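One structure below.
These values consider heavy atoms only, across backbone and side chains, with no hydrogens, waters or symmetry-generated copies. From a predicted model like this one, the values you see are computed outputs, not experimental measurements.
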Amino acid sequence: MSQNILDEILKLKDGLSKKQQLLCGYLLMNYEQVGIMTVAELAEAAGVGTTTVMRLVQTLGLPSYGAFKKELLNSALMRTTTSYQPMKQNFTSGELSDQQSMLYRVSSDSIRVLDNLCTPSNLQQFEKISSLLLNADHIFTLGLRSSKALALYCEYSLNVFHPQVIQLSHDSDVIYDRAALYMKPTDVLLVFSAWPCTRKTIEVAEYCCQHQIPVALVTNTSLNPIAKFASAIIDTNSVNHPSGDTVFLAVIEALVAELGRQTAPQSTQNLECIENILNEKKVVQREY
C-alpha cells in the first residue's frame with residue numbers, strides 16, 4: 001500500500017456504499033482496537049455484515065483480512081502508541097455499568113487477548129524458542145523500561161530450577177560489557193519487548209545477531225524492529241491492549257512449564273531441594 005491505510009480509507013470513504021461508509025467511519029474512530037478483532041467482531045461492532053468488511057479489504061487492494069489488520073496496526077503504532085497508552089485506556093474507558101466492575105472488565109479483556117495467542121505461527125515459534133532455551137549454555141534475559149518487570153519475572157521463575165539464567169536488565173550501562181565478555185553463540189538472548197521498544201534493546205539484539213548469538217523475542221507486535229534480528233518470535237498481538245501484559249505472562253508461564261518438563265526429573269529435584277531448605281530454616285509460616 002503506497003500510503004497510510006487510514007488516509008486511504010478517508011480518501012475512498014465518500015465514494016463507497018452506505019454500509020461501507022458506516023464501516024469506514026467506525027474504522028477511522030476505532031482503528032486502535034481492530035488489531036485483536038475477528039471479521040465477525042468488527043462487523044458486529046460497526047453494524048455491518050462480514051461481506052461488507054471483506055469487500056472493503058478488497059477495495060483497499062489487500063490480499064486478506066490479516067493483511068488489513070496489519071496495516072491498521074501499523075497506523076495505530078505510528079500515531080498513538082506509547083508505553084502508557086494501555087494504562088490511559090483503562091483510566092479513560094468511561095463509566096462502568098451496574099453489572100460490571102473494573103475487575104470484570106479487565107478479566108474479560110484478558111480472556112479476549114489470550115484467545116488470540118495460540119495461532120499456528122505462535123505455536124510453532126513457541127517450540128522453536130523452547131528448543132533454543134533448552135539447548136543454551138546460558139539464558140540471558142533482557143527487558144528495559146515497561147518490559148523490565150517481564151524479564152525479571154521470567155528470570156525468577158526459571159532460576160528456581162534452571163540456574164543458568166543471567167539477567168541483563170538491572171543495569172543497562174554495562175550490558176555491552178557483559179555481552180562482550182560472557183555471551184557466546186552457545187547461549188541465547190531472551191528479549192521481552194513491548195512496543196515501543198527502547199533503542200538500547202534493539203542495539204543489543206543487533207549485536208547478538210552479528211555475533212551469532214541466537215535471539216528469542218517475545219513482543220506484542222511483529223512490527224517490532226527487533227524481529228529482524230530474532231531467530232524465533234512470539235507475537236502476542238496485544239499492542240495498545242489494556243491487558244497486554246497478561247498475555248506476556250502467559251507466554252512466560254508456558255516457557256517455564258515446558259523447560260521444567262523437558263529437564264525433569266532434575267528440575268523437580270531442584271524444586272524439592274528448595275522446599276526442604278525453606279522448611280528446615282522455617283522461612284515460611286504455615287500456621288499460627
Side-chain angles (χ1 to χ4, degrees), residues 32 35-36 70 73-91 113 117 122 125 129 132-133 136 138-159 165-184 187-252 255:
E32 296 169 317
I36 60 170
K70 187 170 183 178
L73 179 58
N74 194 10
S75 296
L77 290 174
M78 295 304 107
R79 291 188 176 207
T80 65
T81 303
T82 70
S83 300
Y84 305 106
Q85 183 67 18
M87 190 179 293
K88 289 195 297 182
Q89 283 182 237
N90 270 334
F91 292 171
V113 74
L117 176 60
N122 277 343
Q125 293 297 302
I129 290 180
L132 285 172
L133 299 182
H138 299 92
I139 300 169
F140 289 82
T141 54
L142 175 62
L144 300 179
R145 291 191 60 81
S146 61
S147 302
K148 183 174 182 178
L150 298 167
L152 296 179
Y153 180 68
C154 183
E155 177 207 14
Y156 167 79
S157 300
L158 286 173
N159 256 335
V165 183
I166 300 171
Q167 184 62 252
L168 294 178
S169 311
H170 288 303
D171 193 348
S172 61
D173 292 338
V174 296
I175 284 182
Y176 293 118
D177 308 55
R178 294 183 180 179
L181 288 175
Y182 304 120
M183 297 183 74
K184 303 292 186 293
D187 300 322
V188 64
L189 176 69
L190 176 58
V191 179
F192 297 91
S193 177
W195 181 277
C197 48
T198 66
R199 183 176 300 174
K200 181 160 286 187
T201 308
I202 300 170
E203 291 172 351
V204 172
E206 182 178 14
Y207 172 88
C208 288
C209 180
Q210 290 172 345
H211 290 79
Q212 289 77 51
I213 300 165
V215 177
L217 172 64
V218 183
T219 183
N220 54 2
T221 171
S222 58
L223 298 175
N224 190 317
I226 297 171
K228 62 185 175 183
F229 306 121
S231 302
I233 306 164
I234 292 179
D235 176 8
T236 65
N237 192 27
S238 58
V239 69
N240 275 345
H241 197 281
S243 302
D245 281 352
T246 303
V247 70
F248 274 95
L249 292 172
V251 172
I252 292 172
L255 288 172

For the atom pair [atom1] ([X]) and [atom2] ([Y]), what is the distance rounded to the nearest 0.5 Å?
X	Y	atom1	atom2	value
S193	I233	OG	CD1	11.0 Å
T201	F229	OG1	CZ	12.0 Å
I139	L158	CD1	CG	5.5 Å
D235	L117	CG	CG	9.5 Å
R178	L142	CZ	CG	11.0 Å
L255	L190	CG	CG	7.0 Å

Side-chain heavy atoms of [X] within contact of [Y], under 4.5 Å:
X	Y	answer
L168	M183	yes
I226	T219	no
I175	Y207	no
V204	Y176	yes

Donor-acceptor contact below 3.5 Å, side chain N220 vs main chain W195: yes

Whether D187 side chain and H138 backbone form a donor-acceptor pair below 3.5 Å: yes

Could you list the donor-acceptor pairs under 3.5 angstrom formed by side chains in residues 148-156, with sequence neighbours left out?
from: Y153; atom 1: OH; to: E253; atom 2: OE2; distance (Å): 2.4
from: E155; atom 1: OE1; to: Q167; atom 2: NE2; distance (Å): 3.1

Trace of the side-chain contact (heavy atoms from CB on, under 4.5 Å) decision for F140 with I213: CA-CA 11 Å; F140 289 82; I213 300 165; over 6 Å; no

Please give me the minimum heavy-atom distance between [X] and [Y], naming the atom from each residue.
X	Y	value
C197	I202	SG-CD1, 3.7 Å
V113	T236	CG2-O, 4.5 Å
T141	S169	O-OG, 3.8 Å

Residue among T246, V251, D245 satisfying side-chain contact (heavy atoms from CB on, under 4.5 Å) with F248: D245

Over 12 foreign heavy atoms within 6.0 Å of NZ, K184: yes

Within 6.0 angstrom of K200 NZ, more than 12 heavy atoms from elsewhere: yes

